[in-house]
> 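What follows is a structure written as C-alpha cells; I'll ask about it next.
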Protein chains: 2
Amino acid sequence: MTADPEKPPRTLAREARRLQVIEATIATLAARGHARTTLTEVARTAGISHGLVLFHFDSKEKLLAETLAFLAEEYQTHWQAALDGAGEDPADQILALIAVDFAPALTTQARLGAWCAFWGEAQSRPDYQTACGEKDASYVAKMETICAALIRQRSYPLDPVIAARILRVVIEGTWLDLMTLHTPYAVDEARRTVMTALALCFPRHFAQDGSRLRA
Amino acid sequence: MTADPEKPPRTLAREARRLQVIEATIATLAARGHARTTLTEVARTAGISHGLVLFHFDSKEKLLAETLAFLAEEYQTHWQAALDGAGEDPADQILALIAVDFAPALTTQARLGAWCAFWGEAQSRPDYQTACGEKDASYVAKMETICAALIRQRSYPLDPVIAARILRVVIEGTWLDLMTLHTPYAVDEARRTVMTALALCFPRHFAQDGSRLRA
DNA sequence: AATCTGATTGACAAGTCAGTCAATGGCGGG
DNA sequence: CCCGCCATTGACTGACTTGTCAATCAGATT
C-alpha cells in the first residue's frame, strides 16, 4: 500500500519532485514570460513552498538552466526516436522530422511559450546559447545530411546547408507566429506552410500538400 | 549661439532627451535581455539619473512600450520608403524589401537584440502583441500583394499568403540565427539564404544568387 | 515503539528595484 | 537683471525577490 492514487503524498521522491518543479517552471515561463517569472510563482504553480524549489535547485539560475536543458533534451529525444522509426529513405526521414515538430504532445502552448522566453534571453546570455546550442547543432547536422541525400537522389541545383536552414527557419518561424502573432492562424496552416516550403525545395519528391511523388 | 557641438547641454529638449533614453533602452535590452533591464542600467547607459528616465516616461512599462513602438515605426518607415523608391515592378519591390532587412543601419546588433527581447516576452504580454501587431499586419499585407502580383505575372502554382509567409519567416529566422546561434554564420550567408528562398518561390523571376531573370 | 533520514515549511535577512519628492540648476522671457 | 519654468538630481520609501535556516513532519529502518 505505497501508492495513493488520489492525493499525492506530501513528500515526493527526489526526481519526481524535480520534474514537477520543472514543469511548473515551463508553465510559468509561458504564462508570464522570463522577466516576470519568480520563484514564488513557480512554487505556487507547483503547489509547494518556494523554499522547496531552492532546496531542490539551489538557485534560480540553476533552475532555469536545468529547465532549458530538459526542454532541449526532450526535443532531441523525440526527433531522434522519430528518425529511428522512419527507415532509410531521406524523404521519409524529413517527413518524420516535420511530423515531430507539429506533434501536439511536444508543441504545447506551454512548451512553445517557454522556448520563446528562452530565445528572447539567449542573445544576451552565452550560457543559454551553449546549453541548447550543442543539441541544436546535431539537429542541424542531421537535417543537412537528409537534404544532401535528397539533392543527390534527384539532382536539385541546391546547397544542402541552405536548404536545411530554410526548412528549419520556416518551422521555427511558424512556431513563433503561433505564439506571438496578433491574430494567429491555425496549426494546420502552419503545417501547410512548412509542406509548401518542402515542396519548393524538393519538387521532384513532394507535392505542396506534403504527399509523396514517385520518381 | 544655441548649439554647442562638443558637449551636450545639461538640459536637453524634451524630444531629444526622450530619443536618447529610447536608444539607451534598446542598447540595454540587447546587452542584458529583458529580464535584467533595469531603469538604473538604462539611465547609466544614457548618462543621466534614473529619476530623469521616469520623469520623461512615467513608468518602466511605458518606457518599454514606447521603445517597442519606436522600433516598429522605424522599421515601417524604412520599408515603406524603400518601396516608394522601387517603382511598380513587384520583382523590384520585393528585392527592395529584402534589401531593407539587411541594411546595416537598421539591422544593428543592438536593434536585433532588442527585437529579440521583445519577441521573447510578447507571447505572454498581449500589449506587446497589439503594439507591433498592427504595423506588422500592414507589412504582411504588402508582402502578400507583391507575391500575388509575381504569381499572376508568371503563373506560379502557389498561394500568395503562404509564399509571403515563407519569405517573412526566412528573413526573421536568419535574423534570429544571427542573434542566438552558438556559432553564427555571416550576414552574407543570411542574405544568400533569403535569396535562395526567393528563387525557390519565384524561379522564373529570380536566380538563386538574387539576380533578375528576364521573361 | 524509538530513531534516523531527508523532504518540507515558513519566518527571516539582505539586497534590489520601481517609483516619489523636495531641492537644485540652468535657460529663456520679460 | 530678475523671475519663472522646466529639466535634473539624488536621497528616500515601500514592495518584492532571492536565498538562508531552524524547526517540523512523514516515512522507512531497526
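First the proteins, then the strands, lettered A, B, ... as listed; each starts at 1.
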> Going by heavy atoms closer than 4.0 Å, what residues in residues 32-55 of chain A are next to DNA chain D?
A/Thr37, A/Thr38, A/Leu39, A/His50, A/Leu54

> For the side-chain contact (heavy atoms from CB on, under 4.5 Å) test, which of B/Thr45, B/Ile48, B/Leu52, B/Thr67 pairs with B/Val21?
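Testing B/Val21 for a side-chain contact (heavy atoms from CB on, under 4.5 Å) against B/Thr45, B/Ile48, B/Leu52, B/Thr67 leaves exactly one candidate, B/Ile48.
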
> Using distance alone, with no hydrogens and no angle criterion, decide if B/Tyr75 and B/Asp101 have a side-chain donor and acceptor under 3.5 Å apart.
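Side-chain D/A pair, B/Tyr75 to B/Asp101: present.
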
> Could you state the CG-C1' distance from B/Asp58 to C/dT20, rounded to the nearest angstrom?
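Distance check: B/Asp58 CG to C/dT20 C1' gives 12 Å.
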
> To the nearest Å, give me how far apart CD (A/Glu15) and C1' (C/dA7) are.
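From A/Glu15 CD to C/dA7 C1': 14 Å.
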
> Would you say B/Glu73 has more than 12 foreign heavy atoms packed within less than 6.0 Å of its CD?
no

> Starting at atom CZ of A/Phe57, determine the distance to atom C1' of D/dT18, rounded to an integer number of angstrom.
16 Å

> Over how many whole Å does the gap from A/His56 atom NE2 to D/dG19 atom P extend?
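Interatomic distance, NE2 of A/His56 to P of D/dG19: 16 Å.
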
> Which pairs count as side chain to side chain donor-acceptor pair (under 3.5 Å) when at least one residue sits in residues 84-93 of chain B, sequence neighbours excluded?
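For residues 84-93 of chain B, and leaving out neighbouring residues, the side chain to side chain donor-acceptor pair (under 3.5 Å) pairs sorted by first residue read B/Asp89-B/Arg212, B/Asp92-B/Arg212.
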
> Would you mind reading off the distance between A/Gln20 atom CD and C/dA7 atom P, rounded to a whole angstrom?
14 Å

> Without decimals, in angstroms, what is the distance between A/Arg14 CZ and C/dT5 C1'?
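Taking CZ of A/Arg14 and C1' of C/dT5, I get 13 Å after rounding.
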
> Would you indicate, yes or no, if D/dC6 has its OP1 or OP2 atom less than 4.0 angstrom from a side-chain nitrogen or oxygen of B/Arg17?
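No, B/Arg17 has no side-chain N/O under 4.0 Å of OP1/OP2 on D/dC6.
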
> Can you tell me how far C1' of D/dT18 sits from CG of A/Leu64, to the nearest Å?
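So the CG-C1' distance, A/Leu64 to D/dT18, works out to 12 Å.
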
> Go through the side-chain N and O atoms of A/Thr180 and B/Gln129 and say whether any donor and acceptor fall under 3.5 Å apart.
no

> Just checking, any donor-acceptor pair under 3.5 angstrom between side chains of A/Ser124 and B/Arg32?
no

